Amino acid sequence: MKVITRFAPSPTGYLHIGGARTALFNYLFAKKNNGKYLVRIEDTDIKRSTPEAVKAIHEGLDWLKIKSSEEIVYQSRQKNKHIDIAYKLLESHFAYKCYLNPDELNTLRVKSRENGVPIKSPWRDKVINDNSKDFVIRLKMPVTGITTINDMVQGDVSINNEILDDMIILRSDKTPTYMLSSVVDDFNMGITHIIRGDDHFNNAFRQIQIIKYLNWDIPVYAHIPLIHGPDGTKLSKRHGATNVYDYHKMGYTYEAMCNYLLRLGWSTDNELDYDISNAKTLFALNKINKSPAKFDIKKLNNINSKYLNSMDIDKIYELIVTSSELNLSLKQELKLKLLIPEFLKRINVFTEILDDIEWIINDDFVVKSEEHLIKLRNDKILCQEIAESLMHCKWSKEEIDTSLKEYLSKKSLKFNQIGPLLRTALTGKINSPDIITIIYVLGCEICLKRLNYNY
Ligand code: GLU
C-alpha cells in the first residue's frame with residue numbers, strides 16, 4: 001500500500017505551531033514510507049476563511065520546506081462531490097431528510113441536554129419527500145453496539161454508539177458540512193493515514209460511520225496530543241507568536257524550527273535524529289508521545305543557536321541581509337562576515353546581529369547615548385593614548401593584542417580598566433564581541449577616528 005498523508009488546515013487564521021507540527025509529521029511519515037504528502041485547504045467556511053490566512057499557511061509551509069507532493073486541493077472546489085455523496089447516503093437510507101424547524105430543534109436540544117441523550121430527530125424513520133420545505137440531511141448513526149478506533153497514538157479507544165447524534169451532513173442551504181467534506185476528500189485523495197491534532201479525535205468516531213456506510217477503506221488514524229504553553233494550558237496567542245512564519249522574521253532558521261517541532265511530540269534517544277534530513281528516514285508513528293508537549297522558547301533558542309553555529313557564514317549573511325532588506329557594499333559585507341563568527345558565540349537568533357549593524361557598516365558612526373558620552377568625555381585622554389598605541393601597530397590581531405598589552409603594562413592598568421571604554425568608543429555599547437576582532441575588522445583608520453572623536 002502506498003502511503004498518502006495530508007495536512008488539511010482551515011484558513012481561518014495563521015499557520016500556528018501546532019498546525020506546522022501536524023504538517024511536519026504528515027510530511028515526514030510520507031517521506032519515510034516513500035509515499036505522498038498532500039495539502040488540502042479546508043476553505044468551506046466562507047465567513048471565516050480569508051485569503052490572508054491561505055497566504056500565511058503557504059508562507060509558513062514554504063519556509064519550513066514542507067511541500068505538497070501534488071497540486072494543493074481546495075475543499076470548496078470539491079463541493080459537488082460532497083453533495084453527491086450526501087444524496088448517495090440518502091438513497092441508501094444511511095441518511096435522512098430532517099424537516100425540523102429551529103424552534104422544534106431547540107426544544108429537542110433542551111430535552112437532550114436534560115436527559116443526557118443525543119438528539120434524535122423524529123424524521124429519522126420517516127420516508128417523506130417534501131421539497132417545498134427546508135430540510136437538512138442527517139446521517140443515521142447506529143444506536144447500538146460500539147465503535148472502536150485503533151489509533152496509532154492513543155491506542156484502541158471505544159465508544160458506545162448510543163451517544164452519537166445524527167449529525168448534519170448537508171445543510172438546508174445545500175452546503176456540505178466539514179464532517180462530510182473531509183471524509184469525501186480524504187477518500188478521493190486516496191489518504192491512507194490521517195495524522196492530526198487530538199482535538200479531532202471525537203470527530204473520528206462520527207466520520208468513520210460515513211466511511212463504513214460507503215464501504216470505503218478505513219484510514220489509519222494517529223491523533224497527536226495538542227501543544228501546551230509553559231503554564232500547561234493549550235498553546236495560544238498569550239504564549240507568544242501565533243504565526244509560525246513570524247519565527248523566521250524573528251531570526252530562527254527553518255532547520256531549527258523543524259527540529260524543535262519534531263521534539264514537540266516525537267521522542268528518540270539520539271539527538272541527531274531530530275535533524276530533518278535524518279528524520280525523513282526515521283520518523284515512525286509509534287514514537288509519538290501520548291501526553292501533550294510543552295512549548296519552551298528557551299529550548300528553541302538553544303537549538304537555533306546550535307544550527308547557526310554549524311552554518312556557513314555566507315548563508316547566515318544572506319539570512320541577515322534578506323530579512324532586513326539591507327543593501328551592503330562589498331566592504332560592508334566583508335566586515336559583517338568577519339564579525340559574524342564572534343556574534344554567533346552569544347546570540348540565539350540571527351536578527352540579534354541587526355542591533356549592532358550600525359557601528360559595523362557605518363564608517364561615520366558616533367556614540368549617541370548620553371550616559372556613554374559622559375564616560376567618553378571623562379576618559380578622553382585614555383582614548384587618545386590607546387589610539388596612539390594602535391596607530392603604530394601592524395594590522396594583525398596578534399599585533400593589536402601586543403600593542404594593547406604593552407600599553408596596559410606601561411600604564412600599570414588591567415584590561416578591564418580599558419575594555420568597556422574601548423567598546424563604548426568603537427561600538428557605542430559596553431557589551432560586544434571580542435574587542436581585538438572588532439578593532440581588527442573596523443581597521444586602523446576608523447578605530448583612530450572613533451577613539452579621537454571630540455564628543
Ligand atoms: N480543517 C481541520 C483543522 O484545521 C482539520 C481537519 C482534519 O485534519 O481532518 O482543524
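Keep in mind that what you see is a predicted model, and the values were worked out from it rather than measured. All ligand and atom numbering here is 1-based and tracks the order in the structure.
For Arg6, the closest heavy-atom approach to ligand 1 falls below 4.0 Å.
In this structure, Phe343 and Trp359 have tilted ring planes: the angle between them lies in the 30° to 60° band. Aromatic ring pairs are classed by plane angle as parallel below 30°, tilted from 30° to 60° and perpendicular above 60°; the pair His223 and Phe201 is tilted. Ring geometry for Tyr178 against His200 counts as tilted: the plane angle lies between 30° and 60°, on a 0 to 90° scale.
Under the 3.5 Å distance criterion, the side-chain polar atoms of Tyr274 are matched with a main-chain donor or acceptor of Thr268. Under a 3.5 Å cut-off, the side chain of Asp166 and the backbone N or O of Lys140 do not form any donor-acceptor pair.
Relative to the ring axis of Phe283, Lys32 does not place its NZ or CZ within 45° and under 6.0 Å from the centre.
Among the candidates Tyr307, Tyr252, Phe295, the single residue satisfying the ring pair (Phe, Tyr, Trp, His ring centres under 6.0 Å) test with Tyr260 is Phe295.
Under 4.0 angstrom from ligand 1, the non-hydrogen atoms of Ser10 come from both its backbone and its side chain. At a 4.0 Å heavy-atom cut-off, ligand 1 does not touch Phe7 at all.
The nearest heavy-atom contact from the protein to atom 10 (O) of ligand 1 is His200 NE2, 2.9 Å. What sits closest to atom 6 (C) of ligand 1 on the protein, heavy atoms only, is Tyr178 OH, 3.2 Å. Protein heavy atom at the shortest distance from atom 5 (C) of ligand 1 is Ala8 O, 3.2 Å.
Close approach to Ser182 involves these atoms of ligand 1, each under 4.0 Å from a residue heavy atom: 9 (O). Those atoms of ligand 1 that come under 4.0 Å of a heavy atom in Arg196, given as number and element, are 7 (C), 8 (O), 9 (O). Within ligand 1, counting atoms from 1 as listed, the ones closer than 4.0 Å to a heavy atom of Glu42 are 1 (N), 2 (C), 5 (C), 6 (C).
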